[in-house]
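Each chain gets a letter, A, B and so on, in the order its sequence line appears, and its residues count up from 1. These numbers were taken from a predicted model, which means no experiment stands behind them.
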2 protein chains.
Amino acid sequence: MNIGNAARASGISAKMIRHYEAIGLISAGRGANQYRVYSQADVAELRFIRHARDLGFPLQDVKRLLDLWRNRARASGEVKRLALDHVAALEAKAKSLSAMAESLRHLAQHCHGDDRPDCPILEELAGAFSSQVASLGDSENATKETGKEGCHG
Amino acid sequence: MNIGNAARASGISAKMIRHYEAIGLISAGRGANQYRVYSQADVAELRFIRHARDLGFPLQDVKRLLDLWRNRARASGEVKRLALDHVAALEAKAKSLSAMAESLRHLAQHCHGDDRPDCPILEELAGAFSSQVASLGDSENATKETGKEGCHG
DNA sequence: CTGGCGCTTCCCATAATGGGAAGGTCAAGC
DNA sequence: GCTTGACCTTCCCATTATGGGAAGCGCCAG
């Protein structure tokens with residue numbers, strides 16, 4: 001079948017299928033007209049990829065999983081390790097997001113939310129920070145000392 | 001002060017400060033040597049941005065929050081709405097990630113995780129969801145070119 | 001005057017996905 | 001046979017937020 005049918009059969013857009021091929025995740029045969037040709041086995045791989053993506057695996061991990069799947073002599077330990085590492089990453093990220101949500105919800109709770117300009121949310125953002133809420137995700141540095149000039153002009 | 005000091009004082013990299021200027025989030029004066037010049041007020045804005053980013057606000061939202069902050073006649077209701085919308089987005093995302101983690105953890109629980117190839121994680125990824133092509137992982141005589149799709153080839 | 005650091009702009013890369021243009025292919029209908 | 005329309009091809013650009021690095025100039029200390 002051609003790419004359009006493979007897309008419909010796998011739930012992955014044709015655009016993405018080409019992309020996956022470009023980055024070496026999958027390969028596809030070519031017909032006489034240079035059109036990509038997909039077998040049922042290829043579609044099965046695409047479905048595998050979609051399922052892995054649905055579980056949040058980055059494509060790099062998907063590649064590893066795909067290689068393991070194709071390798072009959074694989075060790076399930078490696079698959080499990082990949083999976084559990086990813087579980088840890090997912091949970092860390094979820095926790096980080098939940099912490100942000102909770103902080104912000106807390107701030108919003110004390111905001112009137114009317115047409116007056118007084119707003120504790122903005123005040124807090126403006127600098128009254130005392131706790132670090134985003135340390136799990138990607139923040140890297142805490143409050144440094146303020147006001148030390150050094151303007152060499 | 002110059003950009004390096006502003007970066008140190010705000011916790012935002014010089015690279016990002018330039019970027020924020022390029023996308024119209026902030027502005028900076030220029031000295032006679034074309035170097036960017038930052039006042040304490042500018043640094044306060046940068047800190048505001050960092051705090052908002054730490055709470056996961058996308059830059060688009062940060063821009064609106066910054067505009068509200070700068071506007072003394074703002075309505076706190078708008079700030080609160082922005083905040084609560086973002087809380088909802090954060091929680092939705094966190095929930096989605098937690099669901100992935102739980103699914104995957106479940107799968108991993110049933111995997112031996114040794115050097116045998118048998119692996120329920122891979123089996124599930126291979127299609128236990130859609131259960132159409134189950135035995136493609138280890139055989140090559142699976143349907144190669146079935147003509148059951150309305151493909152003009 | 002030179003060494004070294006800081007600043008400038010510009011290009012590239014990441015991760016995953018999509019939009020769209022310009023053009024080739026093919027099957028069907030008139 | 002020719003048109004039409006769906007499908008395919010490649011190539012470029014955009015997104016979001018961040019960083020790396022190069023080439024070149026500014027500025028201060030020694």
5' priority, DNA chain C, between Ala32(A) and Arg36(B) [closest heavy atom]: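 Its nucleotide being nearer the 5' end, the pick is Arg36(B).
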N/O donor-acceptor pair under 3.5 Å between [X] side chain and [Y] backbone:
X	Y	result
Arg50(A)	Ser10(A)	yes
His86(B)	Gly56(B)	yes
Arg116(B)	Arg74(A)	no

Tell me: [atom1] of [X] to [atom2] of [N], nearest whole Å?
X	N	atom1	atom2	answer
Asn2(B)	dT8(C)	CG	C1'	11 Å
Ile12(A)	dA16(C)	CD1	C1'	12 Å
Tyr38(B)	dC7(C)	OH	C1'	11 Å
Lys15(A)	dC7(D)	NZ	P	16 Å
Tyr35(A)	dC26(C)	OH	C1'	6 Å
Tyr20(A)	dT17(C)	OH	P	4 Å
Glu21(A)	dC8(D)	CD	P	14 Å
Leu46(A)	dA16(C)	CG	C1'	16 Å

Please report the interatomic distance CG(Leu46(B)) to OH(Tyr20(B)), rounded to the nearest 0.5 Å.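 Leu46(B) atom CG to Tyr20(B) atom OH measures 9.0 Å (nearest 0.5 Å).
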Quick check for you: to the nearest 0.5 Å, what is the distance between Met16(B) atom CE and Leu59(B) atom CG?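 Result: 8.5 Å between the selected atoms.
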Are OP1 or OP2 of dT9(C) and a side-chain N or O of Arg30(B) less than 4.0 angstrom apart?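 Checking Arg30(B) against dT9(C): at least one side-chain N or O falls below 4.0 Å of OP1 or OP2.
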So, is Ser13(A) near the phosphate of dT17(C), with a side-chain N or O under 4.0 Å from OP1 or OP2?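 Checking dT17(C) against Ser13(A), no side-chain N or O comes under 4.0 Å of OP1 or OP2.
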Just checking Arg18(A): base, sugar-phosphate only, or nothing, at a heavy-atom cut-off of under 4.0 Å?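 Base, at least one base heavy atom under 4.0 Å.
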From [options], nucleotide with atom closest to [X] side chain:
X	options	value
Asn33(B)	dC8(D), dG20(C), dG26(D)	dG26(D)
Arg53(B)	dA16(C), dT18(D), dT9(D)	dT18(D)
Ile3(B)	dG19(D), dC7(C), dC8(D)	dC7(C)

Starting at the 5' end of DNA chain D, which residue's closest nucleotide do you reach first, Ala14(A) or Pro58(B)?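 The 5'-side residue here is Ala14(A).
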Net bend of the helix from dC1(C)-dG30(D) to dC30(C)-dG1(D), end axes of five pairs each, nearest 10 degrees: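 Comparing the first five pairs with the last five, the axes sit 40° apart.
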Say whether Ser76(A) and Asp118(B), considering side chains only, have a donor N or O and an acceptor N or O under 3.5 Å apart.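 No, because no side-chain N or O of Ser76(A) sits under 3.5 Å from a partner of the opposite role on Asp118(B).
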For a 4.5 angstrom cut-off between non-hydrogen side-chain atoms, does Glu78(B) reach Arg81(B)?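 Yes, close enough: below the 4.5 Å cut-off.
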